Amino acid sequence: MYHVESFSVENFCKLLSQYCVETSTQVIETKPHIQYIAKYLQTLNVQTIVVETDYIDHDYLTGFAAYHVKCFYDYKRKCVRLHFFKEAFEQKDLAAFLRGEKENLAENLCNSYGGFMVLHPLPKSIIGRTCLATYDDDSRRHFPTAWPIRAFFCGLELSVKALPFQEQDQVAGACATSALWSAFHATDRLFHHRVPSPVEITSSATLGMPVKSRVFPNKDGLTIEQMAHAIHAVGLEPYWCDLKNQKNLLEFRALVYAYLACGIPPILVIDLTREKSEENNRTSIGWHAVTVTGYSLLSNRSRQHKDGEFLYKSDAIDQIYVHDDQVGPHAKMVFPSSDLDSHLTTSWGLSSGYLGIRAEIVGIVFPLYNKIRIPFSQPGNDIDTFNKALEMVGLPWLTDTLEWDIRLTQVNCLKKEILSSKLTNPDLREKILASPLPRFIWHATATNDSGLVADILFDATDIDSGKYILRIDAHDPSLRELLAYAKLNPTTDIGKIFSETLNKVRTSHVTD
Amino acid sequence: MSKNNENSQNTSVLIKGIEEYIKSDEGKRKATVYDKALQERVASRLKAEQMDWETLHTRVTI
């Protein structure tokens with residue numbers, strides 16, 4: 001059955017109270033997730049909510065079968081799903097459409113679909129699988145992990161570009177489980193594995209591992225080692241980067257951007273700290289895990305770099321968006337204005353009265369396909385080495401505003417990008433498009449105020465001691481001349497300066 | 001002078017200028033500054049890849 005209601009924050013809360021019978025109205029109205037999602041729906045300009053009752057949700061059902069069905073209390077098996085539309089319509093309009101009397105509504109419903117939210121029939125933890133449209137993916141905000149998710153309702157095939165979110169229930173899992181669950185939906189699209197339900201993630205994470213307390217109900221969360229175990233259990237490789245002792249957030253930005261650009265969601269582990277009232281220092285609330293879904297890039301940043309500085313495109317990231325199971329989908333985490341600060345701000349705990357909460361970065365877990373063997377650090381080091389060489393030869397018109405964009409890509413994405421680009425050299429275009437290339441590639445692009453300077457491709461599937469640079473294409477004429485000279489004269493000063501980079505190039509693919 | 005000769009002469013001017021710059025005080029200073037910056041960046045990446053037992057066994061609970 002269905003029920004149509006116009007959207008307002010009050011109506012949204014009223015519907016939740018009506019359909020989440022295990023949770024009191026007071027809990028619903030004060031629940032931070034609900035407040036956050038209500039505001040988010042306002043931002044999406046949602047006009048109408050359609051309630052779909054008796055909805056069967058796979059993830060809930062798996063947890064229900066493993067836990068709730070064995071409770072003495074008769075918890076419900078079926079969920080409720082709320083659909084959100086940016087078009088205003090009423091119950092009678094939908095009824096007329098279903099009776100075949102208003103056919104043009106179908107197109108409006110499909111075009112105005114803003115996503116859905118599953119409501120679990122449980123006390124307090126009511127937010128199940130939630131797929132809401134992202135903020136506009138414009139030149140500033142990017143959501144590479146979002147992909148079209150289909151939802152069928154009364155025979156209509158609706159679609160929303162999203163990454164599933166759900167809150168922890170502290171039975172099937174805590175924040176780490178929710179973060180892994182969201183991340184697996186993105187990696188499934190890229191690497192085609194089965195997406196386990198939260199209860200299955202917690203089970204596989206703890207299987208064969210020493211446990212300190214009970215696994216279910218899971219109130220204690222997971223260790224990073226257990227999170228890695230859960231990633232391994234779906235057939236992926238966990239790659240952990242420890243960022244506790246970094247001087248600034250530049251490496252953090254570079255890492256997040258490099259993998260996220262390919263659609264791989266970094267799972268961020270943060271230490272939430274708050275001010276101590278009696279002393280002038282901070283105290284830890286605990287460690288928390290969130291899934292990064294997107295980022296925002298400042299467009300008006302000065303590209304002029306200081307002496308001894310390497311400039312990356314990722315340095316301009318001013319916000320990341322995360323699925324934070326204590327806040328909501330695509331919650332903002334804002335970078336500090338000074339490079340000397342190494343924490344992010346978060347909306348966590350705002351409604352609990354905590355003030356001055358900071359997210360100190362502990363590290364990142366990347367769920368990677370086994371063939372992504374060369375980690376970001378290697379092309380990162382190689383680009384810095386190449387950049388140093390360029391600075392040493394004194395070509396200020398080339399290097400003063402030089403910026404590097406290093407990101408992981410897949411061969412088909414790279415070729416599609418080249419096909420739609422304005423790469424002016426037709427020979428080069430043909431050569432790359434027709435060449436067999438590895439499935440995973442690190443792609444480094446150098447630009448300055450005059451335009452494109454160079455592209456370097458690294459074979460991400462190679463072994464780290466191998467010659468894993470696939471090709472260096474210099475688009476700037478002076479760089480082309482310089483590299484050609486260095487390649488032909490390896491014993492000269494110029495040749496020696498570039499030797500570390502050129503020696504890693506497989507075959508003769510240097511600036512043809 | 002043909003255009004090809006002219007290009008060849010320009011190229012050699014560019015390379016000659018670079019070779020002089022590398023040997024100059026400013027060239028040597030740049031090399032030192034960027035070498036230090038590179039070492040710092042490499043060291044920070046190396047640190048990020050190291051496993052710390054205590055970190056890996058801390059519970060992510062919130």
Side-chain angles (χ1 to χ4, degrees), chain A residues 174-176 179 212 219-228 239-247 250-251 255 269-270 272 285-289 307-310 326 348 362-364 375-378 380-381 384-385 387-389 391-395 478 481-482 484-485 489 492-494 497, chain B:
Chain A
C175 62
K212 284 182 185 161
K219 289 184 187 295
D220 289 341
L222 303 173
T223 63
I224 293 162
E225 192 179 39
Q226 288 172 331
M227 290 169 73
Y239 174 52
W240 166 250
C241 287
D242 193 317
L243 299 171
K244 281 197 307 294
N245 300 314
Q246 298 285 317
K247 267 200 278 181
L250 292 178
E251 193 61 17
L255 270 163
V269 178
I270 48 182
L272 293 169
I285 299 167
W287 285 15
H288 184 42
D307 222 7
E309 198 177 50
F310 305 113
Q326 297 276 349
W348 192 92
V362 176
I364 311 174
F376 167 76
S377 57
Q378 286 197 249
N381 289 344
D384 288 347
T385 304
N387 211 347
K388 177 189 129 187
E391 294 286 352
M392 283 169 70
V393 297
L395 303 174
S478 50
E481 301 278 2
L482 176 62
Y485 180 84
N489 304 280
T492 61
D493 285 345
I494 295 176
I497 284 173
Chain B
M1 194 187 286
S2 74
K3 197 166 183 195
N4 279 347
N5 282 342
E6 207 173 78
N7 283 343
S8 149
Q9 205 169 47
N10 283 342
T11 304
S12 64
V13 166
L14 175 81
I15 299 298
K16 208 173 159 188
I18 288 173
E19 281 176 337
E20 277 171 16
Y21 179 84
I22 294 167
K23 291 187 181 89
S24 70
D25 288 347
E26 176 58 11
K28 285 176 187 160
R29 190 191 68 80
K30 277 260 184 183
T32 311
V33 167
Y34 276 90
D35 197 46
K36 189 170 171 257
L38 176 66
Q39 296 310 323
E40 277 178 16
R41 201 93 192 209
V42 170
S44 119
R45 288 187 181 125
L46 204 64
K47 204 189 281 176
E49 289 185 342
Q50 283 166 359
M51 298 283 174
D52 168 36
W53 196 93
E54 201 182 321
T55 304
L56 292 180
H57 291 86
T58 303
R59 298 195 87 83
V60 181
T61 52
I62 293 184

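A quick note: this is a predicted structure, and the numbers were derived from the prediction, not measured. Order of the sequence lines fixes the chain letters, A, B, ..., with proteins taken first and strands second; residue numbering starts at 1 for each chain. Values below: all heavy atoms of this structure, side chains included; hydrogens, waters and symmetry mates excluded.
Between A/Gly308 and B/Val33, the shortest heavy-atom contact is CA-CG1, 3.4 Å. The minimum heavy-atom distance between A/Trp287 and B/Thr55, with the atom names listed, is CZ3-O, 3.6 Å. Residue A/Glu251 comes nearest to B/Ser44 through the heavy atom pair CG-OG, 4.3 Å, listed as atom of the first residue, atom of the second, then distance.
The most heavy-atom pairs under 4.5 Å with chain B, out of A/Gly380, A/Ala176, A/Gly363, come from A/Gly380. The candidate from A/Met227, A/Gln326, A/His288, A/Gln226 with the greatest count of non-hydrogen atom pairs under 4.5 Å with chain B is A/His288. Of the residues considered (A/Val269, A/Val362, A/Thr385, A/Leu243), A/Thr385 shows the highest number of contacts with chain B, using heavy-atom pairs under 4.5 Å.
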- Task: Quick one: do A/Glu309 and B/Tyr34 satisfy side chain to side chain donor-acceptor pair (under 3.5 Å)? Show the steps, please.
- Result: CA-CA 8 Å; A/Glu309 198 177 50; B/Tyr34 276 90; over 6 Å; no
- Task: List the steps and the verdict of side chain to side chain donor-acceptor pair (under 3.5 Å) for A/Asn381 and B/Arg41.
- Result: CA-CA 8 Å; A/Asn381 289 344; B/Arg41 201 93 192 209; over 6 Å; no
- Task: For B/Glu49 and A/Ser377, run side chain to side chain donor-acceptor pair (under 3.5 Å): C-alpha distance rounded to whole Å, both residues' side-chain angles, the deciding distance at 0.1 Å, then the answer.
- Result: CA-CA 9 Å; B/Glu49 289 185 342; A/Ser377 57; 2.7 Å; yes
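Contacts of A/Lys219 with chain B are made by backbone atoms alone, with heavy-atom separations under 4.5 Å and no side-chain atom involved. With a threshold of 4.5 angstrom between heavy atoms, B/Gln50 approaches chain A through N, CA, C or O but not through any side-chain atom. Contact annotation for B/Lys23: only side-chain heavy atoms (C-beta onward) come within less than 4.5 Å of a heavy atom of chain A. Contacts between A/Ile364 and chain B at a heavy-atom distance below 4.5 Å are absent for every atom of the residue.
Each of B/Ile22, B/Leu14, B/Ile15 was scored for a side-chain contact (heavy atoms from CB on, under 4.5 Å) with A/Val393, with one residue passing: B/Ile22.
The shortest distance between side-chain heavy atoms of B/Val60 and A/Leu222 does not fall below 4.5 Å. B/Lys47 places none of its side-chain heavy atoms less than 4.5 Å from the side chain of A/Asp242. Looking only at side-chain heavy atoms (C-beta outward), A/Phe376 and B/Arg45 come within less than 4.5 Å of each other.
The CD1 atom of A/Ile224 lies 10.0 Å from the NE2 atom of B/His57; values are rounded to the nearest 0.5 Å. Here the NZ-CG distance, from A/Lys244 to B/Asp52, works out to 4.5 Å after rounding to the nearest 0.5 Å. Separating the CD1 atom in B/Ile18 from the CD1 atom in A/Ile494 is a distance of 5.0 Å, to the nearest 0.5 Å. In this structure, A/Lys388 NZ and B/Gln39 CD are separated by 7.0 Å, a value rounded to the nearest 0.5 Å. Atom CD of A/Glu391 is separated from atom CG of B/Asp35 by 13.0 Å, given to the nearest 0.5 angstrom.
Looking at B/Arg59, its side chain does come within 3.5 Å of a backbone N or O of A/Gly221 through a donor-acceptor pair.
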